[in-house]
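Everything numeric here is computed off the predicted structure, so don't read it as measured data.
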Amino acid sequence: MESSTLNWLPMVFIALMGLSFLVYAILDGYDLGVGVLLPTDKAPANQAARDKMIYSIGPFWDANETWLVLAIGLMLIAFPKAHSIVLQALYLPTALMLFGLILRGVSFDFRTKAPSKDKHKWDLAFKAGSLIATLCQGYMLGRYVTAFDTSTAATLFALLSAICVTAGYCYVGAAWLVMKTEGELQKRSAKWAIWSNRFMALGIIAVCIANLSIDPVIADKWLGFPQVFVLIPLVMLFGFMFVTVELYLRKVPIADDLGCWYPFVCAIIIFTLCFCGLAYSFYPYIVPNQLTIFEAASAPASLLVIFWGAVIVLPVIIGYTIFAYKVFWGKTSQLNY
Amino acid sequence: MISFAPLAFMELASDTGLMLSRIQFAANISFHILFPTINIALCWILVFFKWRYNRTQDDAWLRVYRFWVRIFALTFAIGVVSGITMSFQFGTNWPGYMEKVGNIAGPLLGYEVMTAFFLEASFLSIMLFGMDRVSNRVHTIATVLVAVGTSLSAFWILVLNSWMQTPAGFEMIDGVAHVTSWYEVVFNPSMPYRLGHMLLASALTAAFLIAGISAYRLLKGDKKSSVKYALNFSVVLAAILMPLQAFVGDLHGLNTFDHQPAKVAAMEGVWQTERGAPLLLFAVPDEAMRTNHFEVAIPNLASLILTHELDGEIRGLDEFKGEHPPVAPVFYSFRLMIGIGLLMLAMSWLASYQFTLKKRYPTWLLKATVAMTFSGWVATLAGWYVTEIGRQPYLVSGVLTTKEAATGIAPENIALSLTLYLLVYGFLLVAYIKTLFVMADRAVKLEAANPKLADMQQADAPSEASSKTLSTPASAQ
């Protein structure tokens with residue numbers, strides 16, 4: 001097999017991998033955000049709110065988390081060298097993130113099955129696990145963006161990124177709750193969404209400035225002529241969404257729940273644009289400044305085998321994912337089984 | 001002298017790192033495998049319960065289903081989160097593995113995620129929470145699809161594991177494995193035996209778990225027909241499958257004898273090649289002296305089992321000097337597996353006779369059944385150690401040693417992550433086992449109140465039992 005004719009394979013796989021990471025960030029992002037936002041107090045009203053919040057993600061979190069397995073799996077399969085460089089550089093935050101995900105995943109099940117006096121503890125574990133996972137993911141993203149630089153400035157940037165990603169997840173989680181709940185909890189969720197939206201906006205601006213000032217190549221990619229003109233509509237779109245979401249959320253609850261999906265849809269657009277921005281900044285590198293996707297790719301023959309599998313299987317996966325969401329469509333109710 | 005010191009230290013550090021990585025991976029995989037081992041078969045058993053209910057409309061079958069589906073969910077959650085850890089570890093701790101055999105391991109792992117993971121995770125929610133939201137037929141189909149997913153997952157993982165034991169269908173180009181035949185990779189020499197052995201192990205593990213928890217409920221005074229249905233079904237299942245497992249295990253052993261003679265030599269404790277080798281019931285293998293102490297043996301039996309001839313030749317460990325696994329752990333694990341297996345055989349036959357034929361539930365036998373609740377776990381882990389430690393010093397037999405695949409990460413970082421994992425695993429294992437019995441206790445109390453089936457659904461959430469509405473009509477968004 002002539003490898004030059006199969007040069008499109010690494011590009012397809014980086015697109016698939018990127019898509020998986022994006023879908024993960026949106027879907028498990030709202031699960032993790034809901035977890036981080038759980039109220040901690042033992043008051044009965046808070047217990048009811050926690051139950052409702054966890055029910056709202058109950059039927060989905062498991063499949064949502066699978067996108068992370070797919071994303072990391074695709075990186076392992078298609079770009080094994082990058083997988084080992086990136087994950088070895090991020091060894092400890094990875095281990096800590098996994099700890100958070102384990103804690104979150106098991107708490108969800110234990111909280112309903114353990115003796116009821118332990119339920120509150122499992123709820124706290126759920127919150128702690130979600131928070132650890134989001135902070136670690138943000139920190140890892142910051143480390144990655146700065147090409148694993150170990151300077152103090154880079155570390156501070158990674159910490160900033162940890163907070164921003166957590167704010168972003170809180171926003172998408174709160175937007176999810178605005179969509180899935182009603183009454184008091186919906187009002188509370190709207191407040192959470194307002195605050196996390198502001199922090200996320202600050203975070204995005206900070207990350208953009210930092211990123212453009214760190215790397216001249218990336219700065220040139222964005223600020224050079226004529227691409228700089230694309231920035232103008234982008235900034236306007238961001239500004240429009242930020243303002244309208246804030247105005248909308250201040251009015252919740254709205255009669256007939258008109259447009260309750262709007263903040264969530266904006267979250268999807270914001271996440272997608274940020275993600276595309278990152279991808280544009282780094283392409284064709286998979287390990288920043290070190291390794292391109294073409295250097296890191298596995299043998300074309302093996303990639304082709306997975307490619308045909310993915311062509312057949314992915315539409316089926318998307319099909320039954322939509323089916324599962326349709327089954328649990330609408331406002332959250334108690335989960336019985 | 002001084003100039004050598006850093007070198008020696010580096011060597012030591014890398015050895016420590018290798019050791020820690022191995023312990024960590026062994027801990028990860030040992031912990032992880034406990035949960036799929038239950039669930040691969042438990043899901044098909046749930047399909048059976050659901051099918052019985054659909055056929056008979058007997059409430060008791062639905063009660064059994066509802067009780068066990070919740071245990072399935074808990075087991076699944078722990079299996080998923082511990083499994084995610086594995087997919088990260090390949091890169092962090094065993095970078096050499098994917099670099100050398102990634103062209104084979106990659107697609108197999110990829111197919112596992114694509115064909116199995118999403119299927120399980122997506123339909124699990126419908127299986128768990130969808131009973132009031134979809135038709136009974138769709139719910140049953142969802143249960144079947146989850147079962148298909150767990151089995152597919154087991155299939156791909158065992159294909160990969162078998163390939164690592166008995167690699168086939170590839171060629172090495174510049175030190176990297178390239179596939180020549182996917183058919184040979186998938187249907188490598190040990191795959192059918194290993195898959196069969198593992199699936200049966202799963203069925204037996206699930207059967208003993210169901211039997212143990214059901215016997216516990218009976219002992220606590222829960223004499224409902226649903227508990228007896230589950231107990232009788234599980235002991236009969238075990239009684240039927242146990243001899244089958246012995247048969248498949250024997251075939252598996254013969255296959256190992258053909259393809260991995262060093263492993264068999266370690267299992268049997270044969271140091272020098274010999275004809276008419278005895279079967280060692282007990283011994284203390286001594287790696288330093290390259291001999292066994294305190295042998296208790298049956299003459300010629302090992303040769304008879306492995307070659308079907310009284311004086312058949314078994315190749316000894318000395319033929320593989322420097323390339324054979326550590327003998328003691330393989331030797332002892334093998335005996336532990338066989339011992340527990342025999343106990344499970346005796347127990348399942350006795351229990352089937354008493355419970356189903358005689359319709360008697362003597363307390364001592366119920367207690368013995370409870371004691372055997374997790375026997376499947378012990379046997380499976382012991383068997384797993386035989387096969388995995390038995391492959392050492394190779395990660396992929398004859399292709400890649402474990403040492404070559406190891407990471408360059410600082411040992412102290414691995415020590416840190418290992419400590420974290422061990423604490424979490426220890427805690428979760430205790431919490432899991434405790435919770436199973438808490439759930440059993442709760443079911444006993446609930447059944448004693450003689451509830452209608454609808455009230456059973458509240459069993460999971462006693463603190464919010466006030467809301468009896470099962471579903472709110474899905475309001476348009």
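Neither the backbone nor the side chain of D441(B) comes within less than 4.5 Å of any heavy atom of chain A. Contact annotation for M97(A): only side-chain heavy atoms (C-beta onward) come within less than 4.5 Å of a heavy atom of chain B. Only the side chain of L416(B) has a heavy atom closer than 4.5 Å to any heavy atom of chain A. Both the backbone and the side chain of A431(B) come within contact range of chain A, with heavy atoms under 4.5 Å apart. Looking at V176(B), neither its backbone nor its side chain comes within 4.5 Å of chain A, counting heavy atoms on both sides. Contact annotation for L76(A): both backbone and side-chain heavy atoms come within less than 4.5 Å of a heavy atom of chain B. Contacts of F117(B) with chain A are made by both backbone and side-chain atoms, with heavy-atom separations under 4.5 Å. Heavy atoms closer than 4.5 Å to chain B are found in both the backbone and the side chain of I102(A). Interface remark: L98(A) contributes side-chain atoms only to the contact with chain B (heavy atom separation under 4.5 Å). At a 4.5 Å heavy-atom cutoff, W94(B) makes no contact with chain A through either its backbone or its side chain. With a 4.5 Å cut-off on non-hydrogen atoms, I409(B) touches chain A through its backbone and its side chain both. For chain B, the nearby parts of V327(A) are the backbone and the side chain; heavy atoms of each come within less than 4.5 Å. Interface remark: T94(A) contributes side-chain atoms only to the contact with chain B (heavy atom separation under 4.5 Å). Interface residue L119(B): backbone and side-chain heavy atoms are both found under 4.5 Å from chain A. Heavy atoms closer than 4.5 Å to chain B are found nowhere in Y325(A), neither backbone nor side chain. Of the atoms belonging to V113(B), it is side-chain heavy atoms, and not backbone ones, that fall under 4.5 Å from chain A. Neither the backbone nor the side chain of L90(A) comes within contact range of chain B, judged by heavy atoms closer than 4.5 Å. Residue L108(B): no heavy atom, backbone or side chain, is found under 4.5 Å from chain A. Both the backbone and the side chain of A310(A) come within contact range of chain B, with heavy atoms under 4.5 Å apart. Looking at I317(A), the atoms closer than 4.5 Å to chain B (heavy atoms on both sides) all sit in the side chain, from C-beta outward. The contact between I126(B) and chain A is made by backbone and side chain atoms together, counting heavy-atom distances below 4.5 Å.
Donor-acceptor pairing under 3.5 Å is recorded for the side chains of S153(B) and E112(B).
Chosen from L103(A), L87(A), L314(A), the residue pairing most often with chain B at heavy-atom distances under 4.5 Å is L87(A). Most heavy-atom pairs under 4.5 Å with chain B: of the set F110(A), F60(A), F99(A), this distinction falls to F110(A). Of all the listed residues (L420(B), I78(B), V134(B), V179(B)), the one sharing the greatest number of non-hydrogen pairs under 4.5 Å with chain A is L420(B). Interface summary for chain B: among K81(A), H83(A), E65(A), the most heavy-atom pairs under 4.5 angstrom belong to H83(A). With chain B as the partner, the residue from V106(A), I312(A), L92(A), L101(A) showing the most heavy-atom pairs under 4.5 Å is L92(A). When each of G309(A), A324(A), A48(A) is scored by its heavy-atom pairs under 4.5 Å with chain B, the top score falls to G309(A). Of the listed residues N413(B), N93(B), V438(B), the one with more heavy-atom pairs under 4.5 angstrom with chain A than any other is N413(B). Chosen from P95(B), P107(B), S417(B), A77(B), the residue pairing most often with chain A at heavy-atom distances under 4.5 Å is P107(B).
Outside the 6.0 Å centre-distance limit, the rings of F126(A) and W61(A) are not counted as a close aromatic pair. F118(B) has its ring centre less than 6.0 Å from the ring centre of W67(A). Two rings, from F13(A) and F79(A), have their centers 6.0 Å or more apart. In this structure, the ring of F31(B) has its center no less than 6.0 angstrom from the ring center of Y421(B).
The backbone N or O of F72(B) lies less than 3.5 Å from a partner atom in the side chain of N39(B), making a donor-acceptor pair. The backbone N or O of M172(B) lies less than 3.5 Å from no partner atom in the side chain of H178(B), so there is not a single donor-acceptor pair. T92(B) contributes no side-chain N or O that, together with a main-chain N or O of Q88(A), makes up a donor-acceptor pair within less than 3.5 Å. In terms of modelled atom types and a separation under 3.5 Å, the side chain of S298(A) and the main chain of L303(A) share no donor-acceptor contact. Under a 3.5 Å cut-off, the side chain of N28(B) and the backbone N or O of M86(B) do not form any donor-acceptor pair. The closest donor-acceptor contact from the side chain of H32(B) to the backbone of G79(B) lies under 3.5 Å. A donor-acceptor contact shorter than 3.5 Å is absent between the side chain of E120(B) and the backbone of V146(B). Here the side chain of Y248(A) pairs a donor or acceptor atom with the backbone of C260(A) at under 3.5 angstrom.
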As a quick check of understanding, evaluate salt bridge (charged side-chain N to carboxylate O under 4.0 Å, His left out) for R111(A) and D51(A), giving each step before the final call.
CA-CA 10 Å; R111(A) 70 185 291 280; D51(A) 287 342; 2.5 Å; yes
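The neighbour count for L423(B) CG, taken as heavy atoms of other residues, nucleotides or ligands under 6.0 Å away, is above 12.
Checking Y432(B), F76(B), Y425(B) one by one against F35(B), the ring-ring contact (aromatic ring centres under 6.0 Å, His included) holds for a single residue, Y432(B).
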